[in-house]
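Lettering of chains follows the sequences in order, A, B, ..., and the numbering in each one begins at 1.
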There are 2 protein chains.
Amino acid sequence: MKTDKQDAPVNLLDVAREAGVSRATASLVLRNSPLVAAATRERVQQVMQRLGYIYNRGAANLRQNRTNTIGLVLSNISNPFFSTLTAGVEEANDASEIVCFIADSAESPERQARQIQRLREHNIDGLILCPAVGSDERVIADLDRLGLPFVQVLREIPGCARDYVTVDYAAGIDEAMAHLVTAGRRRIVFIGNFSTHSAARARLEGFNRAAARLGLPSLPVIAGGRDNRYDEAALDEILASSEPPEAAICYNDIIALAVMGHLRRRAIGVGSDFSVIGMDDLSSASASYPALTTIATMPHRVGEAAARLLQKRISRPAKRSEQLVITPRLIVRESA
Amino acid sequence: MKTDKQDAPVNLLDVAREAGVSRATASLVLRNSPLVAAATRERVQQVMQRLGYIYNRGAANLRQNRTNTIGLVLSNISNPFFSTLTAGVEEANDASEIVCFIADSAESPERQARQIQRLREHNIDGLILCPAVGSDERVIADLDRLGLPFVQVLREIPGCARDYVTVDYAAGIDEAMAHLVTAGRRRIVFIGNFSTHSAARARLEGFNRAAARLGLPSLPVIAGGRDNRYDEAALDEILASSEPPEAAICYNDIIALAVMGHLRRRAIGVGSDFSVIGMDDLSSASASYPALTTIATMPHRVGEAAARLLQKRISRPAKRSEQLVITPRLIVRESA
DNA sequence: TTCCGCTTTTGGATCGATCTAAATTGATAC
DNA sequence: GTATCAATTTAGATCGATCCAAAAGCGGAA
């Protein structure tokens, strides 16, 4: 009776002995090899059950070159957008028996480097990375040197052309702008993000191109700050100008909700006098008042796609790199 | 020149050979042992640097009985509350060089069991668990059988008296009720959650006790549904009754925001005619209109505390179990 | 020179699985 | 009775670190 608590964990050799086979055979049973005879398999499995055997994947990993673990390094895990993305990754992983380390770079390239190093020591098979603001090609060079497969999500380190899952922000903004113009709005401002990572750039460029194509007057961009703040003074200034804007497209929903509050305090009717469109479709967007019209960027789907792409990359390290672009959708509610 | 790409990763033996010492000495350098002479340490470290050596923690783990990994199994990772909690766990871990597996039980005890089993195979040192609805003492029994240290967060499997970090919901609700009564509200309803886990029970009981103590009339509880829905029809019914409520305390902010929308559609002035108080203080609470008064449950702090408690438990498996209770704080805004 | 004690270094076993190549078994054919 | 062949099983090396007990180096005292 070796079903003790923990003094001596049951290992494969114990199982083999008890079942009267060799360690090698027991190992084959573990891996569902077709080599073992049905009767033997049955017997070994019963012994495993009886002894309460627990597979030690760590030991197996030492011998194989896969661990069935991946890393997910995000720039800010407390952002609801990223948590939904994480849930998507999780879902894809759960199906393939992969577990996921999570790490938060908190937008610090140094911390990000530390996290990646640490994960690497744990022999992750691959990495899903949303690069911290300020990351440069050295990150990619490091990953290459380590031979670590990776997929970038949402943001891309410029000029590296690797596996990448993103959202077609420009298309979403096009749709939003078209919607606003149809509703008769022409003076539209963009309220931005503090940084210049690829996602921020794509949104702003998408905005500028759409404005140009639609022949809209060009207004100054309202700058954003850290932690989803924006330049309130600049917004006030432009609102007080002789030709104030009639609508805003915001970098994301968090900013859009704040902008709505700001307009309300200035007694500007959101939805009537002024339209506001956000981006992401967080759950709080539908619960706001007025309910926020927003560009749904479907983080769950992004996460799933990234996890699957990473799995492909891991199994075929030499395959051509792939860029997946999720098409967002405008969700029209009351704010525009 | 062994600085190749990946064909043959550099291991400790390579380093030792190159530095002209034994594998054992190199290992001591790795662990900063005071046994090695300063000159030797220096030399070995330089060789490690030069060869681009990467520590293989997996190999070390096989020999030691620690992996410096923990598991975090949550009931719903896309909930912003839990993502902030995760950030707290991360922060405490980062400081102690621990990495964290994340898993989402999605409120399914079966899936939860599978996740725990999987993490166990990866030899995690411990587990932070927010038990899925419907989990029973078998989960605890399993963990005990595996000798796996764990800490429960926010919810507790009844009658197990183990390490546990939670929030004093009753105290928060007391404060909220006192605030309402001071403002002259007496007919207060509770709008609940669908389930009966310990956190849901604590909130409801806290509400009932406070109502009794303050001598308030007792109104029927509005039931909640899955995914933070609630029984809208029941709310309408009670609003239409002869003595309608003047305030609501909601299970959480997500429900509170939805309730505010509902009241608005019924032309009931939130903050003026009717007070609404939520719980958690999600970032969307301050951005809502009217800004939501809420009981801040400080998930970041809960996460940090849980991670630290787990570390204590891991280093001293036999120590007395500890229950940590975070005291919430009422954040008064416009909705009440 | 020998011996002691201290600091530093080391060989070899070990953790628990997988991998490889070879051995065993049993059935069938000659 | 022996050879052939496929289906099963196995011994032993291996992954890359840590642990232990023992060895080596070395300065000073007897």
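A salt bridge links R155(B) with E107(B): the closest approach of a Lys/Arg side-chain nitrogen to an acidic carboxylate oxygen falls below 4.0 angstrom. Using a 4.0 Å cut-off between charged side-chain N and carboxylate O, D142(A) and R120(A) make no salt bridge.
D163(A) and S321(A) share no side-chain donor-acceptor pair at under 3.5 Å. When only modelled atom types and interatomic distance are considered, E156(B) and T166(B) share no side-chain donor-acceptor pair under 3.5 Å.
Phosphate proximity of dA17(D) to S27(B): absent, as no side-chain N or O sits under 4.0 Å from OP1 or OP2. Between S22(A) and the phosphate of dT9(D), there is no side-chain N or O to OP1/OP2 separation shorter than 4.0 Å.
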Could you list the protein-to-nucleotides 13-16 of chain C atom pairs, N/O on both sides, closer than 3.5 Å?
from    : atom 1 : to     : atom 2 : distance (Å)
dA13(C) : N6     : R23(B) : NH2    : 3.4
dT14(C) : O2     : R63(B) : NE     : 3.3
dT14(C) : O2     : R63(B) : NH1    : 3.2
dG16(C) : OP2    : N11(A) : ND2    : 3.4
dG16(C) : N2     : A59(A) : O      : 3.2

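As rounded to whole Å, 12 Å separates atom P of dA17(D) from atom CZ of R57(B). Rounded to whole Å, atom C1' of dT18(D) lies 14 Å from atom CG of L13(B).
In this structure, F101(B) and F101(A) have parallel ring planes: the angle between them is below the 30° cut-off, well short of the 60° mark.
With respect to R301(A), the side-chain contact (heavy atoms from CB on, under 4.5 Å) criterion is satisfied by exactly one of I326(A), L324(A), V167(A): I326(A).
Within residues 29-40 of chain A, the residues having any heavy atom closer than 4.0 Å to DNA chain C are, in order of number, R31(A).
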